[in-house]
Amino acid sequence: QVQLVESGGGLVQAGGSLRLACAASGFSFSNYAMGWFRQAPGKEREFVAAIRWNGDSTDYADSVKGRFTISRDNAKNTVYLQMNSLKHEDTAVYYCNALNSYRNSRPVYDYWGQGTQVTVSS
């Protein structure tokens, strides 16, 4: 069974930092690119960041480029999202999923975890 467990969210002031983690299981983690997505109230889920299966390449949405950093630890089946210089507009529930390519933001699995709430006060 595919399991995607996001953690690390919380309440932070604008300009602050937060690190999210996604613990994955139930599939061959190191064979897949991984991605982060987010969904704000009343909006569609959107792509945030992606990382290649071996971690040597990344891709980011323009809205977070230069502020967020995606990384992974294949030994721990975990992908991270370091978020710096947070803005109120970053407020959303953040989710992770597998990707067939870091260049393709389409999620592999229909299953989404519970996500982790990030709230940035203004």
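Interatomic distance, CE of Met34 versus CG of Asn97, reported as 6.5 Å (0.5 Å rounding). From Arg67, atom CZ reaches atom CG of Asp90 across 4.0 Å, with rounding to the nearest 0.5 Å. Taken from CD in Glu6 to CH2 in Trp112, the straight-line distance is 8.5 Å, to the nearest 0.5 Å.
Not one N or O on the side chain of His88 forms a donor-acceptor pair closer than 3.5 Å with the backbone of Ser121. Using modelled atom types, no side-chain atom of Ser17 and backbone atom of Asn84 make a donor-acceptor pair closer than 3.5 Å. Distance alone, capped at 3.5 Å, is enough to place a donor-acceptor pair between the Asn74 side chain and the Trp53 backbone.
Tyr109 and Tyr32 have tilted rings, their planes meeting at an angle from 30° to 60° on a 0 to 90° scale.
Ring-centre distance between Phe68 and Tyr60: not below the 6.0 Å cut-off.
Annotation: salt bridge (charged side-chain N to carboxylate O under 4.0 Å, His left out) contacts of Arg19 (sequence neighbours excluded): none.
Side-chain contact of Ser28 with Asn31: a donor-acceptor pair under 3.5 Å is present, judged by distance alone.
Under a cutoff of 6.0 Å and an axis angle of 45°, Arg38 and Tyr95 do not form a cation-pi pair.
Nearest heavy atoms, Trp36 versus Ile70: CD1-CD1, 3.6 Å.
Enclosure of atom CG in Asp56 by more than 12 non-hydrogen atoms of other residues, nucleotides or ligands within 6.0 angstrom is indicated.
A 4.5 Å side-chain heavy-atom check between Gln117 and Tyr94 finds every atom pair outside the cut-off. A 4.5 Å side-chain heavy-atom check between Val108 and Asn100 finds at least one atom pair inside the cut-off.
In summary, of the residues considered (Leu81, Val93, Leu18), a side-chain contact (heavy atoms from CB on, under 4.5 Å) with Val118 occurs for Leu18 alone.
The pair Asp59-Arg52 fails the salt-bridge criterion, with no side-chain N (NZ, NE, NH1 or NH2) lying under 4.0 Å from an Asp/Glu carboxylate O. Lys65 has a carboxylate O that lies under 4.0 Å from a charged side-chain N of Asp62, or vice versa, which qualifies the two as a salt bridge.
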